[in-house]
Amino acid sequence: METVHLLISGKVQGVFFRESAKKIAQNLNITGWIKNREDAKVEAVISGNEDAVNDFISWTKSGPERASVDEVIIQKKPATPFESFEIKKRN
C-alpha cells in the first residue's frame with residue numbers, strides 16, 4: 001500500500017473536482033480524503049496499491065472537464081489505511 005499527500009492548484013474549485021475525484025478513487029479502490037482549501041487549492045491524502053495511486057495522480061494532473069490544473073505537488077507519506085474515500089469540509 002502506498003499513501004501520498006497531493007496539493008493541486010489552478011482552477012480546481014467550483015468545477016466538480018472533488019466529486020469527480022471521489023468517483024475515480026472508488027473505481028480505483030483508492031481510500032483517503034479530499035477537500036477544498038481557503039487558498040483556492042485542493043488537498044488530498046490517498047492510499048491504495050501503487051498502480052492505482054499512480055493512475056489517480058495522473059488523473060489529478062488534468063482533473064474534470066472544467067478544471068485547469070497548474071500544478072500537483074506530491075509528497076509520499078507513511079502507509080495509512082482509510083475506511084473509504086470521503087470529501088471533507090474545509091477547516
Side-chain angles (χ1 to χ4, degrees):
M1 174 189 295
E2 188 172 344
T3 301
V4 295
H5 176 266
L6 304 173
L7 191 57
I8 306 149
S9 59
K11 184 182 176 193
V12 293
Q13 291 191 15
V15 295
F16 298 99
F17 200 100
R18 294 171 302 150
E19 292 82 0
S20 299
K22 183 173 182 174
K23 289 178 186 170
I24 297 294
Q26 290 170 334
N27 288 340
L28 293 171
N29 293 317
I30 294 278
T31 60
W33 55 265
I34 192 165
K35 70 176 182 177
N36 283 341
R37 290 173 32 133
E38 293 292 332
D39 61 4
K41 296 178 182 175
V42 169
E43 180 178 16
V45 175
I46 62 164
S47 289
N49 73 51
E50 185 177 351
D51 289 340
V53 167
N54 289 335
D55 287 349
F56 186 90
I57 291 169
S58 292
W59 176 84
T60 65
K61 292 179 180 178
S62 58
E65 185 177 327
R66 293 173 47 206
S68 177
V69 177
D70 294 335
E71 182 180 35
V72 179
I73 298 172
I74 304 158
Q75 182 180 13
K76 290 192 181 269
K77 295 289 203 182
T80 306
F82 295 95
E83 295 282 322
S84 61
F85 190 90
E86 67 177 279
I87 297 173
K88 288 187 171 186
K89 301 288 184 204
R90 75 174 73 164
N91 298 353

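Computation of the quantities below employed the complete heavy-atom set of this structure, encompassing side-chain atoms and omitting hydrogens, waters and symmetry-equivalent molecules.
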Novice: Tell me whether R66 contacts the main-chain N or O of K11 through its side chain, where contact means a donor paired with an acceptor under 3.5 Å.
Specialist: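 It does not hold such a pair.
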Novice: Are L6 and T60 close enough that some pair of their side-chain heavy atoms sits under 4.5 Å apart?
Specialist: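 Side-chain contact under 4.5 Å: yes.
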Novice: How long is the gap from CZ on F56 to CG on L28, to the nearest 0.5 Å?
Specialist: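 Interatomic distance, F56 CZ to L28 CG, rounded to 0.5 Å: 8.0 Å.
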Novice: Do you reckon I57 sits in the same ILVMFWY cluster as L7, going by side-chain contacts under 4.5 Å, direct or chained?
Specialist: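 Different hydrophobic clusters.
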Novice: Return the CD to CG distance between E50 and D55, rounded to the nearest 0.5 Å.
Specialist: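 The CD atom of E50 sits 10.5 Å away from the CG atom of D55.
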Novice: What are the two closest heavy atoms between T3 and S47, and how far apart are they?
Specialist: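 So the two residues come closest at OG1-OG, 2.6 Å.
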Novice: Can you name the nearest heavy-atom pair linking P64 to V15, along with the distance?
Specialist: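 Heavy atoms only, the tightest pair is CG-O, 3.4 Å.
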Novice: Under a 4.5 Å cut-off applied to non-hydrogen side-chain atoms, are E43 and H5 in contact?
Specialist: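 Touching, per the 4.5 Å side-chain cut-off.
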Novice: If we only count heavy atoms from C-beta on, is the F17 to V69 side-chain gap below 4.5 Å?
Specialist: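 Side-chain contact under 4.5 Å: yes.
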Novice: Rounded to the nearest 0.5 Å, how far does OG1 of T31 lie from CD of E86?
Specialist: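 Answer rounded to 0.5 Å: 10.5 Å.
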Novice: For F82, does the CZ atom have more than 12 heavy-atom neighbours from other residues, nucleotides or ligands under 6.0 Å away?
Specialist: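 Result for CZ/F82: enclosed.
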Novice: Which atoms form the tightest heavy-atom contact between K89 and K35, and what is the distance?
Specialist: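 Reported closest heavy-atom pair: O-CD, 4.2 Å.
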Novice: Given side chains that start at C-beta, do those of N36 and R18 come closer than 4.5 Å, heavy atoms only?
Specialist: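 The answer is yes; the side chains approach within 4.5 Å.
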Novice: Do I8 and I87 belong to the same hydrophobic cluster, where Ile, Leu, Val, Met, Phe, Trp and Tyr are linked whenever their side-chain heavy atoms lie under 4.5 Å apart, directly or via other members?
Specialist: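 Yes.
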Novice: Is any side-chain heavy atom of V42 closer than 4.5 Å to one of Q13?
Specialist: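 Yes; the side chains approach each other to less than 4.5 Å.
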Novice: State the OG-NZ distance between S9 and K41, to the nearest 0.5 angstrom.
Specialist: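 These two atoms lie 5.5 Å from each other.
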Novice: Where do I30 and V53 come nearest, in terms of heavy atoms and distance?
Specialist: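 In this case the closest contact between I30 and V53 is CD1-N, 3.7 Å.
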Novice: Are F85 and I74 grouped together when hydrophobic residues (ILVMFWY) are joined by side-chain heavy atoms under 4.5 angstrom apart?
Specialist: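 Linked, F85 and I74 end up in one cluster.
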Novice: Side-chain heavy atoms under 4.5 angstrom apart, residues restricted to Ile, Leu, Val, Met, Phe, Trp, Tyr: same cluster for I73 and W33?
Specialist: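 Unlinked, I73 and W33 end up in two clusters.
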Novice: If hydrophobic clusters are built from ILVMFWY residues whose side chains come within less than 4.5 Å, do F16 and W59 share one?
Specialist: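 No, no single cluster joins them.
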